[in-house]
2 protein chains.
Amino acid sequence: MAKIDLTRDAIVERALAIADAETLDAVTIRRLGQEFGVTPMALYWHVKNKDELLDAMGDALFADLSYDVGPDAPWDEQLAAVVRALIAALRRHPGSRELAYRRVMVSRDGLAVAEHTLRLLREAGFTRRQTADIATHALQTAIMLVSSEPGSEPGYSADETAARLAEKRAGIERLPVDDYPYVREMAPDMFACDDPEGFYEFNVHLFVAGARVTLAELQTAQAPA
Amino acid sequence: MAKIDLTRDAIVERALAIADAETLDAVTIRRLGQEFGVTPMALYWHVKNKDELLDAMGDALFADLSYDVGPDAPWDEQLAAVVRALIAALRRHPGSRELAYRRVMVSRDGLAVAEHTLRLLREAGFTRRQTADIATHALQTAIMLVSSEPGSEPGYSADETAARLAEKRAGIERLPVDDYPYVREMAPDMFACDDPEGFYEFNVHLFVAGARVTLAELQTAQAPA
DNA sequence: ACCTGAACACCGTTCAAGT
DNA sequence: ACCTGAACACCGTTCAAGT
C-alpha cells in the first residue's frame with residue numbers, strides 16, 4: 001500500500017506513467033490529485049501550474065541518454081548514436097514524446113545532447129545553418145519514429161488505437177481493388193510491425209545516409225578535384 | 001456582416017482557421033458555437049462529435065495536393081515532389097498539421113497520395129517493408145518540418161511563442177560560455193530562419209538523398225557486379 | 001430538419017483559510 | 001510548510017423539448 005507522499009518528483013513520475021498508459025490528455029491536475037489521495041489544489045504547492053508540469057515531464061525525457069561513442073568515431077556514426085539514444089529515451093515514455101521539443105534547448109540534459117550534436121556536425125564540415133537544421137531534424141526524426149512505429153495511433157489509448165486501426169483496415173478492404181492496388185498490398189505493413197528494432201534501425205540509417213551524401217555533395221562542390 | 005450559416009463545411013473551415021490563428025486546443029465546440037452565433041449543441045446536428053470534427057479537419061489537409069510530375073520522372077524526383085506537396089499543404093494549415101496522421105490511410109485524397117507514393121517506391125525497387133517505412137516517413141517528415149521550422153513553438157499561440165522563444169534565448173545567454181560553445185554559436189540559427197524555403201528544400205533533399213543511397217546499397221548487395 | 005435549455009461530469013486556477 | 005473549501009470560468013456531451 002505504501003502511500004507515496006506528494007513531492008514534485010513523484011508528481012512528474014506519476015504524470016509520465018499516466019501519459020504512457022493512456023494519453024497526455026489523461027494527465028490532469030485533478031486526476032493526479034486523486035491518485036495521490038489529495039485535493040487538486042495540493043499540487044499547486046509543488047508545481048506552479050500545468051504548463052510547468054509538462055515542462056518537467058519534458059525534461060525527464062532527456063535523462064540517461066547515452067550517445068557517446070567517443071570523439072574518434074566517424075561523425076556519421078556519432079550522429080547515428082545520437083538518434084538511437086533519443087529514440088531509446090522517447091520509447092521509455094512514448095506518451096510524452098512530443099514534450100521533447102520544448103525542452104531540448106532548455107533543460108540541462110537537453111542542452112548537453114544539443115551541444116554534442118551541434119559540435120559533431122559543425123566539426124564534420126556543415127555550415128551553421130545546415131548544422132542547426134540537421135540537429136533539429138535529428139530530434140524530430142526520433143520523435144516522429146516513435147510516433148509512427150507502425151500500429152501506433154498518436155493520441156489514443158490502447159483500446160481506441162485498436163478500434164481505429166481495425167476501422168482503417170476495414171475501410172481499405174472496402175476500397176475498389178483496381179484503384180488502390182498498392183495501398184491494399186501494403187496495408188499489413190502500414191498497420192503493423194513485427195520487428196520494431198528493424199524499423200528504427202532502417203530509419204536511422206536513412207537519416208544518416210541523407211546527411212552523409214549531402215555533406216559529400218557539399219564538399220565536392222566546394223573543392224572539385 | 002454576411003452571417004455564414006451553419007453547415008458542416010463552414011464549421012470545418014472555421015475550425016481550421018482558429019487552429020491556425022491560435023492553437024488546436026483553441027478549437028472547441030463551444031467556441032465554434034459562439035462564433036456562429038448559435039448554442040454549442042447546434043453543432044451536434046452537423047457533426048457527430050469533436051473527434052469526427054478533427055477527422056474532417058484532417059481530411060481537409062489533403063485537399064489540392066499536386067505531386068504529379070509524370071510517371072517518367074525518376075523515382076527520387078517523384079518522391080521529392082510528394083514531400084514538397086505535403087509540406088505545401090500542411091503549411092496552409094500549420095495549426096492542424098498533426099491531424100494528418102490519422103487520415104492518410106482513410107480519406108480519399110489521403111489514400112490517393114498514399115497509393116501514388118507506395119507505387120513509386122515499390123516500382124523503384126524497395127521491399128514491401130521498406131516501402132511502408134519510407135512512405136510513412138515521408139508524411140512524418142513533412143509534418144515534422146512544418147512543426148520545426150525554426151522559430152515555431154508547437155502548440156503555442158503567436159504571443160506565447162514569442163515569449164517562450166525569448167525565454168529560451170535568455171536562458172542560453174546565461175549559460176557558461178566554456179561548457180556550451182556550440183549551443184551559443186548556433187542559437188540564432190536554432191531559433192530563427194530568414195529563409196524558410198531554403199530550410200524546407202534542404203531537408204527534402206536530405207530525406208530523398210537518404211532514400212536514394214539506401215536503395216543503391218540494397219541493389220549492390222543483391223547484385224554485386 | 002434544425003436548433004435550444006437544462007443538466008452532468010469533467011477541466012485549470014485563485015485565494016482565503018486552515019493546521 | 002503544506003494542504004483544503006469554495007468559487008470561477010471553462011470543457012464535451014446527452015436528451016427531451018421546441019419550431
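Excluded from the calculations below are hydrogen atoms, water molecules and symmetry mates; all remaining heavy atoms, backbone and side chain alike, are included. Every chain is numbered from 1 and lettered A, B, ... according to where its sequence line falls, protein lines coming before strand lines.
- With a cut-off of 3.5 Å on both pairing distances, C/dC3 has no Watson-Crick or G-U wobble partner at all.
- For the pair B/Asp55 and A/Arg164, the salt-bridge criterion is met [side-chain N within less than 4.0 Å of a carboxylate O].
- Here CE of A/Met105 is found 11.0 Å from CG of B/Leu165. Values are rounded to the nearest 0.5 Å.
- Bracketed by its first and final contacts, the part of DNA chain C lying under 4.0 Å from non-hydrogen atoms of chain B reaches from C/dA1 to C/dA6 in 5' to 3' order.
- When both distances must be under 3.5 Å, the Watson-Crick or G-U wobble mate of C/dA17 does not exist.
- Closest non-hydrogen pair, B/Tyr101 versus A/Ser147, comes out as OH-CB, 4.5 Å.
- Between A/Glu185 and B/Arg119 there is no salt bridge, since none of the side-chain N atoms of the basic residue sits less than 4.0 Å from a carboxylate O of the acidic one.
- For the segment residues 42-53 of chain A, the set of residues with a heavy atom within less than 4.0 Å of an atom of DNA chain C comprises A/Tyr44, A/Asn49, A/Lys50, in numerical order.
- Summarising the geometry, atom CG belonging to B/Leu16 is positioned 4.5 Å from atom NE2 belonging to B/His93; distances are rounded to the nearest 0.5 Å.
- Taking a cutoff of 4.0 Å between a charged side-chain nitrogen and a carboxylate oxygen, A/Glu115 and A/Arg122 do not qualify as a salt bridge.
- Under the 6.0 Å cut-off for aromatic ring centres, A/His137 and A/Phe207 qualify, their centroids lying closer than that.
- Across all strands shown, C/dA9 remains unpaired; no Watson-Crick or G-U wobble contact has both distances below 3.5 Å.
- A residue-by-residue look at A/Met41 and B/Arg30 shows that B/Arg30 has its nearest nucleotide of DNA chain C further toward the 5' end.
- In this structure, B/Arg128 CZ and B/Leu118 CG are separated by 12.0 Å, a value rounded to the nearest 0.5 Å.
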